[in-house]
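Take a look at the structure below.
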Amino acid sequence: MGKKKSSCLGQLFKVALWICFWPFLVPIYIIKAMAKKPQRQISKPSANVSRNNPSSQFFSASGTESTVNVPKEINNIYERGIIMGDYNELWSKWNGVHEDPEQIKRFDKSKTAECTPLEVDKLTGVGRFSGSSGVYETNLEVCRCRDFIIRRKPCKHMYRLAIELGIITTDSVKTDSRSIKSPGSTKEQRRQAFLKSIDLIESYDIETQKMIKDLIYCHNTKREYLSDDYERYSKLISDGIATASTDYFKIIRKNTQKHTLELLEQANFTFPEGLKPTKKAKFEWCLENYETVGELVYSNCKFLEPDGILMCSIKKTYSYLLRKFEDDFIIDPDGNEACIPHGSTYTFFSSPDGTRKMKLTFPEDDITELLNKYGANRCDV
């Protein structure tokens, strides 16, 4: 009886404590529950992850693999593909994001030849694009590429699909299947592309080779390469290693006020009556009437971009041309400035007659092998 009475008193004591302290305990439980909100996880790939499944895996810029928890709606693009009569209504969900500077960049990229789709099914509104990490399946709502998975805003593939479906009307859209990236290409395939690229480049004269070097430099630094050498750039275009576009407005702006006005003077061009005689006013008129001015003085100018086989091996091809033509500067043991081929290493040694000499070597790789093959290894001189 005594034990039962003691147990009842204990229960009453606990109830009394809860009544007294519940206003303080409830907020604590709520805060703890909110703190347990699940986070998006990125983990290392498991052994059974397939390289051919772009929906479960992407590759970082450093070449390492990472796994992303891909949302179900992205994994099921084809399952969700239905016969849709009004793509504009579907695309309207993205209204309000297109003016963002990051979105403008993606829209500009979508118009390049590199973003040419592998195929577009206009019945279901699904497109397939090739990228560095695989083949991406895309519709107007989602894409399997890493950019969309992370940002959840339209990527360049979605913009290109909208263009192909007629939702977006724009100029300067390039289509070229030769520029499509080849995902999963083997090391040997990339090597063969490099060998063919150098073989073609070595068939040109030295000035054309230097022109290609400068073209790749502008591409790597996201600058525009403008050429007025009609004979040379026509050869590059016909051989499929460069594409060209004519945008007279950008050409006039790039060539500066002084250069444009000098060319118009050489062409005996007369500005309209009533225009202020100042150089600024004349140049502004040129920008407003860029097509007239461009046809008159810039008809042979083209903006060039690398294309075709050159794009397939652009990094190693650029290294080859740098070793062949560019120099680095060093300070020798005597404190004098010396010039050595770009990418080479040097050692100093004493010759039998007591003078100090410098030995130059390039790394032992396939770039140096080709320099030797074409007699362009400057370290042997």
Side-chain angles (χ1 to χ4, degrees), residues 45 49-61 65-94 97-98 103 105-170 172-186 189-190 193 240 243 305 307-309 311-312 314:
V49 172
S50 170
R51 282 180 176 266
N52 296 320
N53 184 1
S55 67
S56 65
Q57 160 178 300
F58 66 82
F59 295 87
S60 66
E65 299 178 30
S66 300
T67 299
V68 176
N69 293 332
V70 181
K72 288 183 179 180
E73 67 267 24
I74 296 177
N75 254 335
N76 299 323
I77 285 177
Y78 268 105
E79 286 77 354
R80 300 174 73 234
I82 58 175
I83 298 177
M84 294 174 287
D86 190 357
Y87 293 130
N88 290 289
E89 183 179 348
L90 202 61
W91 184 248
S92 65
K93 69 173 288 185
W94 302 112
V97 305
H98 304 304
Q103 293 306 117
K105 289 181 183 177
R106 284 157 178 79
F107 176 65
D108 290 339
K109 287 182 179 179
S110 75
K111 298 189 291 182
T112 62
E114 190 177 292
C115 202
T116 301
L118 294 172
E119 63 176 302
V120 173
D121 187 342
K122 294 188 177 182
L123 186 65
T124 60
V126 175
R128 295 177 69 248
F129 295 84
S130 180
S132 56
S133 299
V135 175
Y136 308 128
E137 293 160 357
T138 307
N139 66 23
L140 296 174
E141 296 178 286
V142 293
C143 180
R144 285 180 173 175
C145 74
R146 178 188 177 189
D147 183 50
F148 181 82
I149 291 172
I150 293 174
R151 298 174 65 251
R152 304 310 296 272
K153 292 182 180 180
C155 61
K156 64 181 181 180
H157 309 112
M158 294 171 69
Y159 278 118
R160 183 57 179 258
L161 180 61
I163 293 171
E164 297 290 334
L165 293 175
I167 298 170
I168 299 175
T169 303
T170 183
S172 305
V173 179
K174 297 180 181 178
T175 301
D176 187 351
S177 59
R178 296 174 303 175
S179 299
I180 298 175
K181 288 184 178 180
S182 300
S185 58
T186 65
Q189 287 174 327
R190 292 193 295 271
T243 57
E305 274 290 328
D307 194 20
I309 195 171
M311 281 298 297
C312 294
I314 193 166

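Bear in mind the structure is a predicted one, so any value in this text is a computation, not a measurement.
With rounding to the nearest 0.5 Å, the separation of NZ in K174 from CG in D307 is 8.5 Å. The distance from the OG atom of S110 to the NZ atom of K105 is 15.0 Å, given to the nearest 0.5 Å. Once rounded to the nearest 0.5 Å, the distance linking CD of E164 with CG of D121 reads 13.0 Å. Residue R160 holds its CZ atom at 4.5 Å from OG1 of T175, rounded to the nearest 0.5 Å. To the nearest 0.5 Å, atom CD of residue E119 and atom CD of residue E137 are 9.0 Å apart. Between the SG atom of C115 and the CG atom of D108 there is a distance of 11.5 Å, given to the nearest 0.5 Å.
Residues L161 and P117 fail the side-chain proximity criterion, which asks for heavy atoms closer than 4.5 Å. Taking the side chain as every heavy atom from C-beta outward, L140 and I167 approach each other to under 4.5 Å. Side-chain contact between I163 and F107: present, with at least one pair of heavy atoms (C-beta onward) separated by less than 4.5 Å.
For R152 against W94, the heavy-atom pair with the smallest separation is O-CZ3, 3.5 Å. Scanning all heavy atoms of the two residues, the minimum distance from P154 to W91 falls at CB-CH2, 4.1 Å. Of all heavy-atom pairs spanning I149 and C143, the tightest one is CG1-O, 4.2 Å. Contact record, M158 with N139: CG-O, 3.7 Å, taken as the closest heavy-atom pair.
Under a 3.5 Å cut-off, the side chain of Y87 and the backbone N or O of K122 do form a donor-acceptor pair.
By the 30° and 60° cut-offs, the orientation of the rings of H157 relative to F129 is tilted.
When each of Q103, K111, R106 is tested with Y159 by the rule side chain to side chain donor-acceptor pair (under 3.5 Å), just one qualifies, namely Q103.
Under a cut-off of 6.0 angstrom, the local environment of NZ in K109 is sparse, with at most 12 non-hydrogen atoms contributed by other residues, nucleotides or ligands.
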